[in-house]
Amino acid sequence: MTGVIPMTARRPSPRRPSTSQLLTRVRDRSPGLAAGLVGGVVAAGLGLGALTVLVMVLWISSPYPDSGPGGALHVAAALWLLAHGVELVRADTLSGVPAPVGVTPLLLCVLPVWLVHRAARDAVDADEDGVAPPVGARTAWAGVVLGYLTVGAGTALYAAGGPLRPSGAWTVLGLPTVVALSAGTGVWTAYGRPRGPVDRLLRLLPGGTRRVLLGPREREKFLVAVRAAGAAVAVCVGGGAGLVAVSSVWHGGLAREAFLQLTEGWSGRCAVLLLCVTLVPNAAVWGAAYALGPGFALGTGHGVGPWVSDPAPMLPPFPLLAAVPDAGAGTPWNWAAGVVPLAAGVTMGWFVGRGGMRWSVRRTAVIAGLAATVCATALAVAAGMAGGPLGVGVLARFGPVWWQVGGAALAWGVGVAVPVAVVVRVCGGWVTRWRTAAATKAVTRAAAKAAEEASRALSLAQARATASRTPEVSRTTASRTAEAPRTTAQKAAAQKAAPPKAAPQKAAATKATEPAKATSAKPPAPAKPPKTPVVAPRADVTPRKKTATPVTPEAAAPPSPRTPPKPPESEAYDLLPADEPVEDVWRDEALRARWDALRDELRNRTPEPDAPTDAEPEPSAAQAGPEPAPPAPEDGGTSGTP
């Protein structure tokens with residue numbers, strides 16, 4: 001018995017990838033993930049190592065160290081965590097109650113944040129345009145964050161056994177938040193700062209706010225508001241730093257005494273100086289809060305502001321605290337600090353007004369209010385980061401209160417920035433219209449001036465052309481004037497030579513007049529007109545085309561001996577222009593030939609007076625033969641005799 005077992009080849013399901021596909025994905029992603037992990041570890045190690053080296057140098061240079069190398073390393077680890085916003089707890093207090101230390105030096109935060117940002121940006125090997133990177137954004141971000149948090153967790157565990165222990169809640173919440181945001185900005189920068197991630201974050205806002213910020217036209221307005229708010233924050237914080245500097249100089253003696261009282265060795269003084277430098281941004285934010293009005297607190301129930309100052313009586317000697325105004329009511333010098341928020345509001349309004357020239361006045365006011373809101377939010381966050389507790393009891397509240405600072409900044413922004421933005425918008429419209437009108441007038445004047453110059457140049461060119469042609473015209477006129485007498489003399493000579501021929505011409509005219517009268521009484525029978533005899537001109541004279549014209553009695557009459565003969569109208573065709581002189585011989589020969597031809601024509605057309613009236617009719621054109629040519633005169637047609 002033979003059985004056949006069918007064999008079926010199974011293909012892996014698309015939902016459940018095969019082992020080879022999983023290995024391929026891991027192999028493709030592992031280099032990017034590994035690079036991100038290494039980058040995060042290196043960034044954390046650099047920051048921690050820098051602080052450790054600094055603390056160890058200060059500990060080594062200290063003449064009276066209170067602890068060994070382990071204590072210095074624990075302090076370095078605690079400072080590294082504090083730089084990430086992690087609140088520390090000091091356990092060895094005189095009362096035995098743990099005291100929190102939550103004032104974070106803002107300048108100390110710059111180093112770890114920059115390192116994480118740089119590591120995430122370098123982990124993404126993207127093109128210049130951010131298209132098709134070999135390493136994915138999420139992979140790079142996850143690798144950097146995991147690597148950095150791995151080092152951070154180890155550091156927190158190590159610092160927990162020291163005098164400054166990290167708070168568990170802040171370690172779990174604060175450290176990952178700072179690292180994730182810094183790495184995210186690094187990846188976003190590596191991709192060319194696209195708008196997609198920002199839009200996805202803004203979609204988490206409420207519907208009305210989202211429509212305002214994500215609309216096609218609202219995006220530009222939001223960017224204008226952000227720029228104006230950034231400029232206002234910079235002016236406000238810079239003004240606060242200026243107030244701190246002025247107050248420190250004013251209280252320079254107290255600051256010097258506090259600096260010398262803290263420690264006697266140079267290593268300790270260097271440590272105090274470094275701590276003051278790292279706290280300068282905090283002092284600038286405190287000065288901004290003081291200028292805005294709410295001020296800051298130096299302990300619970302002890303506020304310092306421009307209207308009234310009530311610092312705590314038992315403050316530790318510290319150079320920056322020496323710049324705190326004296327206790328008591330405010331003076332005009334204290335009230336002058338209000339110039340800082342006023343300048344910030346004017347700056348904000350200027351930016352919004354200049355950026356909203358194409359908007360309406362109402363829309364400009366709305367954008368100014370939005371900018372004031374953004375500025376207030378930024379200052380509130382900065383005030384919350386710049387302050388914190390320094391202990392329990394009276395020192396539980398140290399620094400500005402974030403919500404008070406935010407409210408005061410919003411009030412200043414709405415009260416100053418909105419009117420300034422509206423005024424700048426309106427005045428800018430006037431200035432724009434004035435400039436447009438001025439530009440139009442300038443263009444019109446320039447066009448008129450150019451036309452005038454062109455007309456002047458054309459007139460000058462015409463004058464030059466006329467001046468260049470004047471000599472030639474003068475020469476032509478002079479030549480014609482000189483030839484005129486000769487032409488007149490030639491005409492007079494021709495008239496003197498004409499009278500000897502007047503008798504034959506008069507006889508021919510008399511004979512032609514009588515048949516013309518008889519013909520007018522009774523028209524003769526139509527007959528074939530005889531051919532006009534051809535008069536041979538002289539060999540040296542070129543014949544001209546002649547046009548036969550009807551002869552009238554007035555034209556046939558010969559000219560009188562005293563007056564020159566008047567040529568017929570057709571004779572003008574045979575005459576040359578007066579400017580071209582003609583010899584008298586040619587003129588006499590032409591006149592004689594013409595009169596001879598006219599006489600022969602009249603003789604052939606008019607019958608003889610003695611001819612019988614009953615003559616036979618002439619034969620028709622078909623019966624008549626060729627007519628013999630008239631005999632040529634012996635003298636060539638120039639004698640004028642029949």
Side-chain angles (χ1 to χ4, degrees), residues 29-55 73 75-88 102-126 130 133-159 166-194 196-198 200-201 277-278 281-282 378 381-382 384-386 388:
R29 293 187 178 183
S30 59
L33 184 61
L37 289 171
V38 173
V41 171
V42 170
L46 288 175
L48 182 59
L51 288 177
T52 301
V53 170
L54 180 61
V55 171
L73 292 176
V75 172
L79 288 177
W80 185 78
L81 294 173
L82 182 65
H84 294 81
V86 177
E87 187 177 293
L88 303 178
V103 179
T104 302
L106 297 181
L107 188 60
L108 195 63
C109 297
V110 175
L111 179 62
V113 169
W114 180 78
L115 289 173
V116 176
H117 176 86
R118 182 65 180 270
R121 189 184 65 183
D122 295 342
V124 180
D125 189 12
V135 180
R138 296 181 181 180
T139 302
W141 177 83
V144 172
V145 171
L146 291 177
Y148 199 94
L149 290 180
T150 300
V151 178
T155 304
L157 292 176
Y158 178 77
S167 174
W170 283 96
T171 303
V172 173
L173 298 177
L175 181 62
T177 302
V178 174
V179 174
L181 291 178
S182 302
T185 56
V187 173
W188 182 60
T189 304
Y191 273 84
R193 300 179 180 87
V198 179
R200 285 192 292 269
L201 290 176
V277 171
T278 57
N282 300 64
V381 172
M385 295 177 61

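From a predicted model like this one, the values you see are computed outputs, not experimental measurements.
Listed here is the closest heavy atom pair of L149 and P176: CD2-CA, 3.9 Å. Closest approach of A83 and P112 over heavy atoms only: CB-CG, 4.1 Å. Closest of all the heavy-atom pairs between G47 and L115 is N-CD1, 3.4 Å. Scanning all heavy atoms of the two residues, the minimum distance from A123 to A140 falls at CB-CB, 3.9 Å. Smallest separation of non-hydrogen atoms from A386 and V103: O-CG1, 3.9 Å. Between V144 and A183, the closest heavy-atom pair is CG1-CB, 4.3 Å.
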Before giving the answer on side-chain contact (heavy atoms from CB on, under 4.5 Å), spell out for L51 and L108 the whole-Å C-alpha distance, their side-chain angles and the decisive distance to 0.1 Å.
CA-CA 10 Å; L51 288 177; L108 195 63; 3.8 Å; yes

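Interatomic distance, CZ of R121 versus OG1 of T185, reported as 10.0 Å (0.5 Å rounding). How far OG1 of T139 is from CG of L37: 10.5 Å, rounded to the nearest 0.5 Å. To the nearest 0.5 Å, atoms CG (L48) and CG (L111) are separated by 10.5 Å. Atom CH2 of W170 sits about 13.5 Å away from atom CG of L81, to the nearest 0.5 Å. Here L33 contributes atom CG and R138 contributes atom CZ; the two are 14.5 Å apart, rounded to the nearest 0.5 Å. Separating the OG1 atom in T104 from the CD atom in E87 is a distance of 8.5 Å, to the nearest 0.5 Å.
Distance alone, capped at 3.5 Å, places no donor-acceptor pair between the S182 side chain and the V179 backbone.
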